[in-house]
Amino acid sequence: MGWISRLAISCTTIAAGAALLTVTSGCNEHRVSFATASGAVEHLEKRNLSGGEKIDLLWVIDNSGSMCRSQEVLRNGIEEFVRILGEVNLDFQIGITTTHMVDCEGVDTETNPWHPCALEPVALAGHLQSTPQPVPGFDEACYHPVDENGMPIPGQYDPVIENVQVAVNCTENPDDYQHLLNFNAQWEENFRCAVDRTIDGDDCTGAPDLEDLFPNPADYRDIPVVLRASDYDTIEEFAEDFRCASLVGTRGYGYEMGLLAAVTAVSEDLIGDQPYEEGDEVDLEAHPNAGFIRKDAMTGLIFVGDENDCSHDGTLDTGTQCGVNNCTIQEELGEEGALLSIDELYDMFIENLADARGTDAATLKENNSTILPASFHARYRKASNVPEACPTGGWDVPPSCASEMGFGWSGHRFDYFLDKFDTHFPSRDGDEPLEGLICTQEQFERGLEELAEFFTAEAGACYQDVYTCSGFNDHCPSSPYDPDAPGHCLPDPGHHNNVLNIVQSGGVDGLDAAIAELDAFYEEDLNSAADLAPRHVDELLRRLPGGALATIQSGLGDANFYCDTGIEVRIGIPDESELGTDFLEGTGYCLEGTIDSDPAFPDTCVVDPDFYWWSECGGTNNGLQLAWVEAQEWIHAIGGLDLYTRYATIPGADGADGGDDNGDDNGEE
């Protein structure tokens with residue numbers, strides 16, 4: 001069992017007043033801590049508490065010549081991305097393909113060594129790939145680091161060195177390739193010779209070929225083309241395999257066709273003609289992407305590229321002096337041009353995905369909210385004075401941004417494609433173009449974390465209007481399991497970042513002492529307010545003195561507040577299991593004295609709140625979403641157990657009338 005597992009979800013129950021409800025969903029009557037709280041209302045709901053949704057994430061990564069820095073940022077940010085998904089128990093898997101859409105059938109690469117199929121032998125059109133391709137392409141921007149204006153810095157070789165280091169770590173026996181990591185003057189001379197075959201006019205005869213500066217492809221370890229979170233014991237192991245698989249290199253075709261790559265990746269030829277259910281046998285030789293699209297899973301689609309999409313119908317003239325700029329000329333021609341329209345590509349993707357899931361395209365198109373597309377492209381800048389045909393001497397599209405990431409060109413076709421879906425990332429601000437998240441390293445890094453939060457928000461359950469209160473000084477009932485643990489009125493998790501901004505700006509009484517207590521509590525080397533993250537906020541607020549809380553509340557405006565004792569998490573032994581309650585005690589997750597303490601929940605215990613925290617639901621919704629403190633460890637302790645939640649609401653509040661914002665039926669049958 002990996003660190004991610006789908007948990008069995010049982011009846012969610014809520015209680016209040018002295019009233020008890022009996023419903024037909026099979027749950028027993030019960031009381032909880034708000035039995036004496038005036039005005040609280042009891043509900044009974046069957047609801048997915050902590051995610052557990054299945055989602056298949058298809059990354060379409062541009063592997064053309066200028067993409068080395070973007071790929072490096074992606075590799076470095078994936079561990080945090082995966083950690084966020086793991087916190088809410090998303091059952092996810094990842095596949096990676098590229099924008100290299102070249103038909104290699106019948107191509108003789110021996111006699112045509114400059115054909116795109118010869119230059120890039122790893123990437124296949126629409127195929128999921130996991131074999132690293134570290135050998136750089138032919139763009140000097142990926143030989144050297146670049147300055148803040150996107151210009152290469154001669155004499156330095158950071159991108160190449162980075163690729164060698166990653167590639168060595170992807171081999172079966174990295175110790176066999178330590179000699180490649182000696183980046184001295186001789187290495188530099190060898191690299192320059194391998195690229196140019198002469199140095200300052202001197203012959204490089206006898207120097208190694210470029211491929212010889214990298215590991216032998218046959219020595220890379222066997223990495224599955226579908227990275228399933230449930231197959232890995234730790235986040236670090238998963239992230240390491242992703243780093244290798246996402247090293248798709250920069251030797252790909254310069255006519256990037258990311259949208260068509262996504263269409264092809266889920267096509268019947270590559271996926272197979274039968275919807276996949278977990279446990280099915282697959283024939284990867286006949287259908288290389290089989291097993292990636294699951295019948296009952298959501299689909300995440302993530303594009304990463306620094307140029308616009310050039311998906312075309314096969315009639316694009318790639319021999320003009322305009323090169324890839326001809327894609328923009330063809331786009332401007334509209335229906336008369338060679339580019340496939342966004343509507344065509346959307347319809348093709350929906351039809352292929354519907355077949356892969358075993359549903360019909362009309363139904364999927366009508367409700368495409370189970371498809372969550374995202375894009376990291378360059379900011380919008382539509383080219384002007386576009387010629388009707390490529391002129392003699394060529395024509396260039398101006399870049400839309402330049403930074404330490406290199407140059408980026410307007411990715412508006414990805415923007416238009418995302419707009420066909422009910423939900424996408426990033427979201428649109430009014431009628432403005434989507435943010436160009438690949439233009440700077442800071443934007444890309446921030447975007448990766450926000451993307452993970454986007455997926456968790458869409459796939460996880462959101463609990464709204466949990467027993468509301470008015471502010472830090474308002475009274476909340478104490479914990480029914482620990483009389484020394486008072487209830488606290490806390491701001492909705494959507495305000496965690498606002499709290500952090502306030503405490504990090506200074507002037508909050510007792511902050512240093514509270515952080516010292518947090519450091520001991522979390523054992524995470526928390527030394528100052530700058531070290532705090534959203535998951536630390538509630539514990540911080542429980543430790544700050546009243547004056548500090550007043551300062552913080554004054555800066556939160558009209559924030560919503562809730563009682564932290566108004567919601568309870570339980571784990572329990574499944575009915576079909578032979579495990580006993582001794583197993584619950586052995587997990588270490590149970591509050592003392594709560595095992596089998598409630599007749600309504602036999603073979604269960606209350607989870608110690610030290611093991612989880614409540615994060616924001618995302619979007620515009622206020623509410624709580626469960627997140628585990630140890631994203632990679634909790635599943636080993638309680639994976640496979642039943643997981644419950646019960647909470648109280650105030651009558652008359654939005655969502656507190658027995659309805660369910662997620663469209664559930666409250667467990668009634």
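Cys605 contributes atom SG, which lies 9.5 Å from atom CG of Asp596 (distance to the nearest 0.5 angstrom). Note that the CZ atom of Phe455 and the CG atom of Leu85 stand 8.0 Å from one another [nearest 0.5 Å]. Expressed to the nearest 0.5 Å, how far CD of Glu539 lies from CG of Leu526 amounts to 11.5 Å. Here the CD-OH distance, from Glu240 to Tyr232, works out to 10.5 Å after rounding to the nearest 0.5 Å. Separation of atoms CD1 (Ile293) and CG (Asp56) is listed at 5.0 Å; rounding is to 0.5 Å. Once rounded to the nearest 0.5 Å, the distance linking NZ of Lys420 with CG of Leu418 reads 12.0 Å.
Using a 4.5 Å heavy-atom cutoff, the side chains of Phe444 and Val304 are in contact. In this structure the side chain of Pro493 reaches within 4.5 angstrom of the side chain of Leu624, judged on heavy atoms. You'll find the side chain of Thr423 reaches within 4.5 Å of the side chain of Leu372, heavy atoms only. Side-chain contact between Phe472 and His488: absent, with no pair of heavy atoms (C-beta onward) separated by less than 4.5 Å. Considering only heavy atoms from C-beta on, Phe81 comes within 4.5 Å of Leu57 through its side chain. In this structure the side chain of Ile96 reaches within 4.5 angstrom of the side chain of Ile61, judged on heavy atoms. Side-chain contact between Val569 and Tyr644: absent, with no pair of heavy atoms (C-beta onward) separated by less than 4.5 Å. Taking 4.5 Å as the limit, every side-chain heavy atom of Thr594 sits out of range of all side-chain heavy atoms of Glu568.
Ring pair Phe242/Trp59: centre-to-centre distance below 6.0 Å.
Counting only distance, with no hydrogens or angles, the side chain of His536 and the backbone of Asp538 share no donor-acceptor pair below 3.5 Å. Gln443 places a side-chain N or O within donor-acceptor distance of the main-chain N or O of Thr440, the cut-off being under 3.5 Å. Between the side chain of Gln93 and the backbone N or O of Phe292, at least one donor-acceptor pair lies under 3.5 Å. Under the 3.5 Å distance criterion, the side-chain polar atoms of Ser478 are left unmatched by any main-chain donor or acceptor of Pro486. In this structure, Asp531 contributes its side chain and Asn527 its backbone to a donor-acceptor pair below 3.5 Å. Between the side chain of Thr234 and the backbone N or O of Glu237 there is at least one donor-acceptor pair closer than 3.5 Å. Under a 3.5 Å cut-off, the side chain of Arg243 and the backbone N or O of Glu79 do not form any donor-acceptor pair. Under the 3.5 Å distance criterion, the side-chain polar atoms of Thr299 are left unmatched by any main-chain donor or acceptor of Ile371. Although no hydrogens or angles enter the test, the distance criterion places a donor-acceptor pair under 3.5 Å between the side chain of Asp474 and the main chain of Ser470.
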Criterion side chain to side chain contact (heavy atoms under 4.5 Å, CB included) on Asp509 and Thr551, from CA distance to verdict: CA-CA 9 Å; Asp509 295 338; Thr551 299; 5.7 Å; no

Disulfide bond (SG atoms under 2.5 Å apart) assessment of Cys563 paired with Cys469: CA-CA 6 Å; Cys563 283; Cys469 47; 3.9 Å; no

Val466 and Asp564: CA distance, side-chain angles, deciding distance, side chain to side chain contact (heavy atoms under 4.5 Å, CB included) verdict: CA-CA 9 Å; Val466 174; Asp564 62 355; over 6 Å; no

Test log, rule ring pair (Phe, Tyr, Trp, His ring centres under 6.0 Å), inputs Phe92 and Phe238: CA-CA 12 Å; Phe92 68 95; Phe238 185 97; 5.5 Å; yes

Working for side chain to side chain contact (heavy atoms under 4.5 Å, CB included), residues Leu353 and Arg357: CA-CA 6 Å; Leu353 184 62; Arg357 289 188 183 177; 4.0 Å; yes

Val73 vs Gln71, side chain to side chain contact (heavy atoms under 4.5 Å, CB included): CA-CA, chis, key distance, verdict: CA-CA 6 Å; Val73 173; Gln71 292 178 23; over 6 Å; no

His495 and Asn498: CA distance, side-chain angles, deciding distance, side chain to side chain donor-acceptor pair (under 3.5 Å) verdict: CA-CA 5 Å; His495 295 280; Asn498 295 336; 3.2 Å; yes

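Salt bridge present: Arg83 and Glu80 bring a charged side-chain N and a carboxylate O closer than 4.0 Å. Look at Arg428 and Asp415 and you find a salt bridge, because one of the NZ, NE, NH1 or NH2 atoms lies within 4.0 Å of a carboxylate O, short of that distance. A salt bridge is absent between Glu517 and Arg542: the closest approach of a Lys/Arg side-chain nitrogen to an acidic carboxylate oxygen does not fall below 4.0 angstrom.
Residues in residues 600-613 take part in these side-chain hydrogen bond (donor to acceptor under 3.5 Å, both in side chains) pairs, two or more places apart or across chains: Arg570-Thr604.
Of all non-hydrogen atoms in Leu511 and Val503, the two that sit nearest each other are CD2-O, 3.5 Å. In terms of heavy-atom proximity, Trp614 sits nearest to His496 at O-CE1, 3.3 Å. For Leu451 against Ala374, the heavy-atom pair with the smallest separation is CD1-CB, 3.5 Å. Pro534 and Leu500 make their closest contact through N-CD1, 3.7 Å (heavy atoms, listed as atom of the first residue, atom of the second, distance). The shortest heavy-atom contact between Leu584 and Cys590 is O-SG, 3.5 Å. Here the closest non-hydrogen pair linking Ala514 and Leu540 is CB-CD1, 3.8 Å.
The neighbour count for Glu585 CD, taken as heavy atoms of other residues, nucleotides or ligands under 6.0 Å away, does not exceed 12. No more than 12 heavy atoms of other residues, nucleotides or ligands lie within 6.0 Å of CD in Glu592, so this atom counts as exposed by the packing criterion. The environment of CG in Asp422 is crowded: more than 12 heavy-atom neighbours from other residues, nucleotides or ligands sit within 6.0 Å.
Relative orientation of the Phe376 and Phe425 rings is tilted, given thresholds of 30° and 60° on the angle between their planes. Aromatic ring orientation, Phe303 versus Phe417: perpendicular (interplanar angle above 60°, classes split at 30° and 60°).
Cys489 has its SG atom at least 2.5 Å from the SG atom of Cys476.
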Taking distance alone, no hydrogens or angles, what donor-acceptor pairs closer than 3.5 Å link side-chain atoms of residues 430-439 to residues at least two apart or in another chain?
| from | atom 1 | to | atom 2 | distance (Å) |
| --- | --- | --- | --- | --- |
| Glu435 | OE2 | Arg446 | NH2 | 2.7 |

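For the residue pair Thr363 / Glu366, no side-chain donor-acceptor distance below 3.5 Å is found, with atom types taken as modelled.
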